[in-house]
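Contents: one structure, followed by commentary.
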Amino acid sequence: MIKEIKCEEDQLVVSWSKGGCSAYPYIWLKDIDPLDFHPQTNERMFDLTQCDLNITPADVVLDAEQVSLQWPDQKVRSVYPVKLLAMYANSGDREDPAQVKRQLWYRDFEVSRFASEQMDEDAVKEMLLRLKRDGLVIITGLDHEKSGEQFGDLIGFKRETNFGVMFEVINKAEPNNLAYTAVSLPLHTDLSNQELPPGYQFLHCVKNEAQGGESILADGFAIATDLQREQPAHFELLSTRKMPFRFHDKSCDIRFSHCVIGVKNGEVDQFIFNAHLAENVNGLQGGIVEYYRAYKALMTNIKQPKYALELKLQAGEMMIFDNKRVMHGRKSFDPTTGDRHLRGYYIDHTEVDSKIRMLS
Ligand code: OGA
Ligand code: ZN
């Protein structure tokens with residue numbers, strides 16, 4: 001609740017009964033005026049170009065539940081519920097249930113498992129929060145070939161790529177991707193050659209009867225955070241210089257460049273690594289050898305056993321992992337000893353965040 005309000009020259013200062021104050025500049029209050037949102041779509045209708053940046057309310061009144069303001073250009077008073085102001089009380093950042101603190105992990109990490117037959121709304125929310133915290137979960141009990149695919153409908157839209165909406169990871173006669181062979185796949189994130197690499201990857205194991213084919217996973221955020229502490233100059237280069245990536249086959253040629261490590265507010269917030277889609281590094285001048293030094297150091301670290309979690313997916317299990325954080329790979333398998341079939345798809349980060357908010 002609000003204890004008192006004070007109208008300063010260019011902002012409204014609110015003192016909260018539980019202690020502390022928040023300052024709301026008038027132009028910001030004008031911009032979030034509930035009267036200026038479409039009543040059905042909730043979309044902003046306010047036109048900033050028509051507003052004086054020094055706008056000041058003619059009058060402000062506080063009652064228990066709301067603050068009402070009389071703007072000079074409006075006949076009707078604008079009402080700001082206390083709840084609305086409280087939502088932005090901490091330096092203007094709205095609280096977000098989809099904001100989850102990440103926990104870094106290493107080889108001995110125990111992956112959370114969720115039984116598909118017990119997925120009520122609470123369990124879906126719990127699973128998604130865990131996915132955001134760890135970047136990796138396993139779903140069990142998906143025994144039919146289509147049940148992994150259907151599971152995604154509990155969350156949101158699948159993301160289509162040049163490999164389709166669903167992709168079948170099997171040993172193919174004419175592969176256009178190393179995943180569609182029986183060879184080992186070193187740790188990587190998928191589709192680094194895309195402008196927006198997909199957010200989460202879902203890999204449903206239909207059959208895994210061949211010898212070999214174990215999955216390897218590693219937390220790219222743990223690797224990058226260790227690099228930041230131990231080899232800061234390398235970290236700096238990998239988080240500022242872009243790496244070009246390319247995928248091409250008979251029907252497409254898709255290229256994009258990303259920094260291998262993304263940073264937000266001083267913390268690692270994106271990890272995009274795919275040595276088999278890496279293009280020739282461009283810019284022959286300008287510290288290219290230094291870049292190779294940093295890139296090689298990172299690649300060497302990625303190979304360190306302390307990061308690698310190994311598991312063999314069983315039929316009916318599906319792993320879900322953050323494709324911009326957790327690297328995945330697999331050991332080679334011998335297709336003469338049995339069948340191996342995974343079915344994959346992607347769902348983007350914003351879909352998962354939206355689902356968490358809707359369930360909260
Ligand atoms: C993939 C992939 C791993 C596997 O399809 O992107 O990396 O275990 N597959 O086959
Ligand atoms: Zn992959």
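Values in this document were obtained by computation on a predicted structure and should not be read as measured data. Read the numbers this way: they start at 1 and go in the same order the structure lists the ligands and their atoms.
Comment: D269 does not engage R325 in a salt bridge, judged by the lack of any side-chain N to carboxylate O separation of less than 4.0 angstrom. The pair D253-R255 counts as a salt bridge, with a side-chain nitrogen and a carboxylate oxygen less than 4.0 angstrom apart. Under the 4.0 Å criterion applied to side-chain N and carboxylate O atoms, D353 and K132 are assigned as salt-bridge partners. A salt bridge does not link K158 with E160: none of the charged nitrogens is closer than 4.0 Å to a carboxylate oxygen. Between R340 and E209, none of the side-chain N atoms (NZ, or NE/NH1/NH2) sits under 4.0 Å from a carboxylate O, so this pair counts as no salt bridge. The existence of a salt bridge linking D36 and R44 is excluded, since no basic side-chain nitrogen approaches an acidic carboxylate oxygen closer than 4.0 Å.
Listed by chain and residue number, nothing satisfies the side chain to side chain donor-acceptor pair (under 3.5 Å) test with K125 (two or more places apart in sequence, or in another chain). In this structure E310 satisfies the side chain to side chain contact (heavy atoms under 4.5 Å, CB included) test together with E214, I216, K331, sequence neighbours excluded.
Ring pair H349/Y200: centre-to-centre distance below 6.0 Å.
Excluding waters, the set of protein N, O or S atoms lying under 2.8 Å from the Zn ion (ligand 2) comprises H188 NE2, D190 OD1, H328 NE2.
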When you pair each N or O of ligand 1 with protein N or O atoms, which pairs come out under 3.5 Å?
unit_1   : atom_1 : unit_2 : atom_2 : d
ligand 1 : 6 (O)  : D190   : OD1    : 3.2
ligand 1 : 6 (O)  : D190   : OD2    : 2.9
ligand 1 : 6 (O)  : H328   : NE2    : 3.4
ligand 1 : 7 (O)  : H188   : NE2    : 3.2
ligand 1 : 7 (O)  : H328   : NE2    : 3.0
ligand 1 : 8 (O)  : R340   : NH2    : 2.7
ligand 1 : 10 (O) : R330   : NH1    : 2.8
ligand 1 : 10 (O) : R340   : NH1    : 2.9

